[in-house]
Enquirer: 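To start, I am sharing the structure in question, which I have written as structure tokens.
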Amino acid sequence: MIAATIPRSPEYRLLLEAITPTGAQGHPIPALLPVQIDWPRLRRLVVKFEIFPLVNRFLGNQPSWKEGLPDEELREWRRQAQGFAMQSLVTARQLLSILELCKQEDIPVIPFKGPVLSLQAYGDIALRQYTDLDFFTAPERYLDLYQLLKKTGFSLLDNGLERMLPLWARSGRDLTLRNSRIVLDIHTRLIQGPAFFAIPPAMWQRIQTLELFNRQVPILSPEDTLVVLALHGARNNWTSLKHIADCAHLMARCAPLDWMYILERMHRTGCLRILETMLSTVQDISRFPIPQEYGEALDRQFPIRRPAFRDPNAGDNPLALDNKDDDDHLAILATMTRAIDSPLKRLRYLLYFLCTPTSEDARMLKLPGFLTGLYSLIRPA
């Protein structure tokens with residue numbers, strides 16, 4: 001079990017308590033005292049795992065703990081809290097601006113993660129640590145959205161990559177842009193990968209709205225949000241407390257969920273094992289129990305035999321000080337090919353990454369735009 005591999009230092013025990021949703025059976029910490037905590041190490045861990053707002057709120061609810069902070073550490077915590085709060089406001093304002101532009105140009109987009117997930121899962125844009133924005137869009141509007149954002153000051157990380165965009169639009173690769181304040185990612189699939197991760201029509205039909213600064217913004221339904229969170233968590237092998245906290249708080253805040261829909265969606269993408277691993281990991285780490293409705297839905301979906309989808313190797317990569325690098329393509333490839341249920345889908349996932357060129361490929365070999373199709377042939381080498 002992953003939980004058994006987590007170092008039982010006072011700092012880690014405090015982190016686990018801090019991310020536990022209200023009503024879950026938390027990790028009791030009555031034996032811990034402020035003097036036992038290595039406060040600089042705790043702060044480094046909190047920032048590393050991207051859960052500073054949650055831990056800061058937890059400490060704010062423990063007056064005796066704040067009294068134990070050295071003055072220098074207390075000032076540093078306050079400085080960090082102000083910085084993340086300001087970043088949340090800046091990112092949320094940028095989100096509203098982009099949504100208004102897309103509405104004017106009739107480009108369909110759904111914001112995901114960032115401020116909208118913070119509201120959906122935690123009820124407050126300042127309770128989730130984030131510095132970027134993510135949008136889903138229709139594949140046929142991928143290039144239109146890029147051109148629109150380019151006019152507003154966003155640019156590619158490397159302007160020489162523009163020749164790759166038509167190829168990436170066809171193959172469903174994510175697109176990363178930036179301006180002077182934030183990084184923005186455009187997605188045309190639930191997660192970067194082959195066509196079975198394409199955004200299903202049902203997801204567009206189930207769009208909901210929530211209020212952000214007195215404006216209604218589109219969001220994924222809680223069920224679709226959980227599906228995407230599970231896929232993104234699996235991609236990172238559940239090495240970040242942020243991903244685990246997101247799933248736990250979303251399930252707690254949005255219960256009851258339509259588990260039949262979630263099971264059907266994960267089954268169609270060949271990722272039931274990922275769903276089961278997500279639920280088990282959340283239970284192990286945050287002590288948020290696997291919802292009873294999930295078991296009931298699973299029994300209805302598979303009335304004859306309830307298969308064990310849990311990834312037996314899920315605990316191979318325990319939570320630690322060093323999170324897996326999001327750009328470690330080989331580690332991502334190994335994790336996802338192991339996690340997908342179907343051998344055929346695993347092969348398709350493997351072939352996708354073997355043959356779909358990345359920005360690193362384009363930088364290494366600068367082919368002219370009319371020859372970009374050759375990258376798919378050259379990349380396996």
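We count residues from 1, following the sequence as given.
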Enquirer: Please list all pairs passing the salt bridge (Lys or Arg N to Asp or Glu O under 4.0 Å) test where one or both residues lie in residues 180-201, with sequence neighbours left out.
Expert: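 Non-adjacent pairs meeting salt bridge (Lys or Arg N to Asp or Glu O under 4.0 Å): zero.
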Enquirer: Give me the ring orientation class for F136 and F112: parallel if the planes are under 30° apart, tilted from 30 to 60°, perpendicular past 60°.
Expert: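 Aromatic pair F136/F112 classed tilted.
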Enquirer: Does F135 have any ring-ring contact (aromatic ring centres under 6.0 Å, His included) partners at least two apart in sequence or in another chain, and if so, which?
Expert: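 ring-ring contact (aromatic ring centres under 6.0 Å, His included) list for F135, sorted by chain: empty.
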Enquirer: To the nearest 0.5 Å, how far apart are OH in Y142 and CZ in R173?
Expert: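 Reported to 0.5 Å precision, the distance equals 8.5 Å.
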Enquirer: Answer yes or no: is there an ion pair linking K151 with E105, defined by an N-O contact shorter than 4.0 Å?
Expert: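 Looking at E105 together with K151, the answer is no, because their closest N to O distance does not fall below 4.0 Å.
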Enquirer: Can you tell me how the ring of H232 sits relative to the ring of H187, calling it parallel under 30°, perpendicular over 60° and tilted otherwise?
Expert: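 Rings of H232 and H187: perpendicular, over 60°.
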Enquirer: Check whether more than 12 heavy atoms from other residues, nucleotides or ligands sit under 6.0 Å from atom CZ of R363, and answer yes or no.
Expert: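 Enclosed.
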Enquirer: Check whether T20 reaches the backbone of S286 with its side chain - one donor and one acceptor, N or O, closer than 3.5 Å.
Expert: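 Between the backbone of S286 and the side chain of T20 there is a qualifying donor-acceptor contact (under 3.5 Å).
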Enquirer: Rounded to the nearest 0.5 Å, what separates atom CG in L212 from atom CZ in R93?
Expert: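 L212 atom CG to R93 atom CZ measures 8.0 Å (nearest 0.5 Å).
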Enquirer: Please name the pair of heavy atoms, one in R265 and one in A202, separated by the smallest distance, quoted to 0.1 Å.
Expert: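 Heavy atoms only, the tightest pair is NH2-CB, 4.0 Å.
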Enquirer: Considering only NZ, NE, NH1 and NH2 on the basic side and carboxylate oxygens on the acidic side, decide whether K103 and E100 come within less than 4.0 Å.
Expert: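 No, this pair does not count.
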Enquirer: Is E17 paired with R13 through a side-chain N to carboxylate O contact shorter than 4.0 Å?
Expert: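 Answer for the salt bridge query: no.
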Enquirer: Report the distance from atom CE of M251 to atom OG1 of T225, rounding to the nearest 0.5 Å.
Expert: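 Rounded to the nearest 0.5 Å, the CE-OG1 separation comes out at 12.5 Å.
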Enquirer: Say you draw a straight line from OH of Y122 to CG of L250; how long is it, rounded to the nearest 0.5 Å?
Expert: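 If I round to the nearest 0.5 Å, the distance is 9.0 Å.
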Enquirer: So, taking the atom named CD1 in I110 and the one named CG in D134, what distance separates them when rounded to the nearest 0.5 Å?
Expert: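 It is 12.5 Å, given to the nearest 0.5 Å.
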Enquirer: Answer with yes or no whether the hydrophobic clustering places F58 together with L42; edges join I, L, V, M, F, W, Y residues whose side-chain heavy atoms lie under 4.5 Å apart.
Expert: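 Looking at the clustering, L42 is in the same group as F58.
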Enquirer: Anything under 30° is parallel, anything over 60° is perpendicular, the rest tilted; go ahead and classify W259 against Y294.
Expert: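 Correct class here is perpendicular.
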Enquirer: Taking the cut-offs as 6.0 angstrom to the six-membered ring centre and 45 degrees off its axis, would you call R206 and Y261 a cation-pi pair?
Expert: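 Positive - R206 is close enough to the ring of Y261 and near enough to its axis.
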Enquirer: So, taking the atom named NZ in K113 and the one named CG in D246, what distance separates them when rounded to the nearest 0.5 Å?
Expert: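 Interatomic distance, K113 NZ to D246 CG, rounded to 0.5 Å: 9.0 Å.
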